[in-house]
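Note: hydrogens, waters and symmetry copies are ignored here, and every other heavy atom, side chains too, is used. Indexing begins at 1, ligand by ligand and atom by atom, following the structure's order.
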Amino acid sequence: MKILEITGGKTLSGTIKISGAKNSAVALIPAAILADEESKIFNIPEITDIDALCDILSFLGAKTTRDSESIVIDPSKMKNKEISDKFSRKLRASYYFLGALLGKYKKASMYFPGGCSIGARPIDLHLKGFEALGAKVKVKGNKYTVEAKKLVGAPIYLDIASVGATINIMLAAVKAEGITTIDNAAKEPEIVNVATFLNNMGAHITGAGTSRIKIVGVEHLHGCFHEVIPDRIEAGTYLIIGALCGKKLKIDNIIPEHLDSLISKMKEIGVDIEIGADYIVVTKKNDYKQVSAQTAVYPGFPTDLQQPFCVLLTKCKGTSNMTETIWENRFMHVPYLISMGADIIINGDTLNIKGPTNLHAAEVVATDLRAGAALVAAALSAEGTTRINNVEHILRGYEKIVEKLQNVGAKIESLEI
Ligand code: UD1
């Protein structure tokens with residue numbers, strides 16, 4: 001088992017280069033099987049979620065070649081097979097194989113996806129979308145089978161602007177006959193990145209990034225080159241860490257507009273930030289003011305940054321309120337932050353965080369990916385040496401987190417116990 005040992009209180013300065021976006025890459029990889037030829041995708045992050053998707057690709061017989069920055073996926077010899085629980089439970093995004101295999105073969109069969117336990121995480125909207133395109137959905141225990149004689153484009157309205165459902169329906173609809181529209185579509189930058197990839201492959205998708213996406217079905221998709229956008233959540237995490245312990249810490253290789261909601265809250269708190277074309281420089285200050293924030297779909301404040309942001313709120317004077325509106329079980333970091341000295345009360349879907357407090361080291365557990373990121377941020381700003389258990393969660397989503405932090409002066413080590 002791996003743990004992280006972090007001795008806090010160091011000032012971080014230098015440059016952290018942000019990797020490709022996990023939530024884009026995990027959709028682009030299944031999307032690549034829709035082509036008849038190989039595609040090359042650059043800026044793929046080296047995280048364990050990508051390893052898990054590559055295992056599924058090789059199980060299906062698709063050839064993958066990976067180097068440190070890119071992946072080549074050749075689906076020309078692959079076969080449609082049932083994806084077992086062994087593969088699907090490793091990550092939530094394995095569900096994109098449902099849409100991609102349905103789009104390619106008109107049939108997909110797999111077990112319910114895994115991922116972080118941050119809420120019930122149903123996939124009813126994905127399934128309703130597939131049904132609207134003409135597929136029959138069978139659910140047997142944990143196993144989902146979707147099958148269609150043919151897929152025909154249809155108007156689809158999403159009750160919730162779900163990222164996963166929007167992408168999965170695009171994957172299934174891209175080769176359907178006729179026109180599909182997705183209304184109340186999610187608008188996250190990752191959706192635009194996936195739509196651009198599919199269009200590079202010959203798809204006809206317009207409106208990605210707005211709440212109405214239109215897909216005109218095509219018969220064939222070809223291989224192409226594509227690049228994953230920078231990871232706005234990884235960037236946001238390091239910005240928060242910079243506000244906690246940075247001195248001119250440069251977060252590089254990013255698209256600052258993707259972080260507008262976080263930047264605006266950080267400015268409100270009083271963080272010293274300088275925004276460049278593709279970087280942000282952040283410096284810690286000692287007199288932060290309380291704020292209220294609530295998570296929302298893009299371009300609102302990202303739920304994936306709620307947990308790390310709470311750590312920054314422990315440094316703000318007064319009572320800050322952080323409301324979680326997307327996931328019903330995303331406060332698992334709170335007891336651990338309290339054990340490190342934070343003053344937090346859980347009030348329904350809102351956290352009341354009183355500050356400023358000095359955090360101190362403790363033995364803590366990363367219960368999920370972003371809770372883990374929050375604990376890393378807390379440990380870096382705490383007095384003493386914190387041990388974080390269950391780091392596997394963190395490694396699912398943060399490329400080379402130990403090296404990146406060591407390079408800017410953090411005392412952090414990954415230990416095998
Ligand atoms: C994606 C991100 C995740 C992020 C989330 C919200 C990936 C791999 N993961 O997750 O990091 O926290 O977006 O920004 O991209 N819902 C339903 N039925 C459905 C689908 C969703 O009720 O069929 C609900 C969910 O329970 C949740 C809300 O819709 O309350 C948003 O979920 P969704 O946007 O689908 O999240 P994911 O795509 O799973």
- Message: Could you go through Asn199 and Thr196, starting from their C-alpha distance and side-chain angles, then the distance that decides it, and tell me whether this counts as side chain to side chain donor-acceptor pair (under 3.5 Å)?
- Response: CA-CA 5 Å; Asn199 282 342; Thr196 309; 5.9 Å; no

- Spacing of Tyr336 atom OH and Ile344 atom CD1 [to the nearest 0.5 Å]: 14.0 Å

- Message: Contact between ligand 1 and Tyr298 is defined here as a heavy atom of the residue under 4.0 Å from a ligand atom; is it met?
- Response: no

- Arg92 neighbourhood, listing ligand 1 atoms whose heavy-atom distance to it stays under 4.0 Å: 39 (O)

- For ligand 1, find out whether one of its N or O atoms is nearer than 3.5 Å to an N or O atom of Glu188. no

- Item | Sub-4.0 Å heavy-atom approach of Pro122 to ligand 1 | yes

- Message: For the 3.5 Å polar cut-off, considering only N or O atoms, please tell me whether Gly164 and ligand 1 meet it.
- Response: yes

- Decide if the gap between the ring center of Phe87 and the ring center of Tyr111 is smaller than 6.0 angstrom. no

- So, is Asp304 polar-close to ligand 1, with some N/O to N/O distance under 3.5 Å? yes

Could you go through residues 223-231 and list every donor-acceptor pair under 3.5 Å that involves a side-chain atom there, pairing it with any protein atom two or more places apart or in another chain?
residue	atom	partner	partner atom	Å
His226	ND1	Asn200	ND2	3.3
His226	NE2	Asn193	O	3.1
His226	NE2	Asn193	ND2	3.2
Asp231	OD1	Ile233	N	2.9
Asp231	OD1	Glu234	N	2.9
Asp231	OD2	Lys22	N	2.9

- Message: Under 3.5 Å, is there a donor on one side chain and an acceptor on the other for Thr350 and Thr323?
- Response: yes

List, one per line, each side-chain donor-acceptor pair under 3.5 Å for residues 154-177, sequence neighbours excluded.
residue	atom	partner	partner atom	Å
Ser162	OG	Gly164	N	3.4
Ser162	OG	Ala165	N	2.9
Thr166	OG1	Ser162	O	2.6
Thr166	OG1	Ala186	N	3.0
Asn168	OD1	Gly99	N	3.1
Asn168	ND2	Tyr95	O	3.0
Asn168	ND2	His126	ND1	3.1

- Asn23 neighbourhood, listing ligand 1 atoms whose heavy-atom distance to it stays under 4.0 Å: 2 (C), 3 (C), 7 (C), 8 (C), 9 (N), 11 (O), 15 (O)

- Task: Could you check which of Tyr96, Trp327, Tyr95 puts a non-hydrogen atom nearest to atom 32 (O) of ligand 1?
- Result: Trp327

- Could Arg370 and Trp327 be counted as a cation-pi pair, given that NZ or CZ must be under 6.0 Å from the ring centre and within 45° of the axis? no

- Of the listed options Ala25, Ala21, Ser162, closest to atom 35 (O) of ligand 1 (non-hydrogen atoms): Ser162

- Message: Going by the closest heavy atom to atom 28 (C) of ligand 1, which one wins out of Leu369, Ile233, Thr295, Ile326?
- Response: Ile326

- Which ligand 1 atoms does Arg330 reach within 4.0 Å, using its non-hydrogen atoms? 12 (O)

- Note on the structure: Per-atom filter on ligand 1: closer than 4.0 angstrom to a heavy atom of Ile160 are 22 (O), 24 (C), 29 (O)

- Message: Out of all atoms in ligand 1, which are within 4.0 Å of some heavy atom of Arg121? Include the element for each.
- Response: 10 (O), 39 (O)

- Query: Could you state the interatomic distance from CD1 (Ile83) to CD1 (Ile56), rounded to the nearest 0.5 Å?
  - Reply: 5.0 Å

- Test log, rule side chain to side chain donor-acceptor pair (under 3.5 Å), inputs Thr295 and Thr303: CA-CA 5 Å; Thr295 62; Thr303 170; 4.9 Å; no

- Note on the structure: Nearest heavy atom to atom 23 (O) of ligand 1, choosing from Leu125, Asp159, Thr303, belongs to Leu125

- Using the six-membered ring wherever Trp is involved, compare the ring planes of His258 and Tyr298 and label them parallel, tilted or perpendicular (cut-offs 30° and 60°). perpendicular

- Message: If I apply the N/O under 3.5 Å rule, does Lys22 come out as touching ligand 1?
- Response: no

- Only heavy atoms count here, so choose which of Thr325, Ile167, Val163 is nearest to atom 1 (C) of ligand 1. Val163

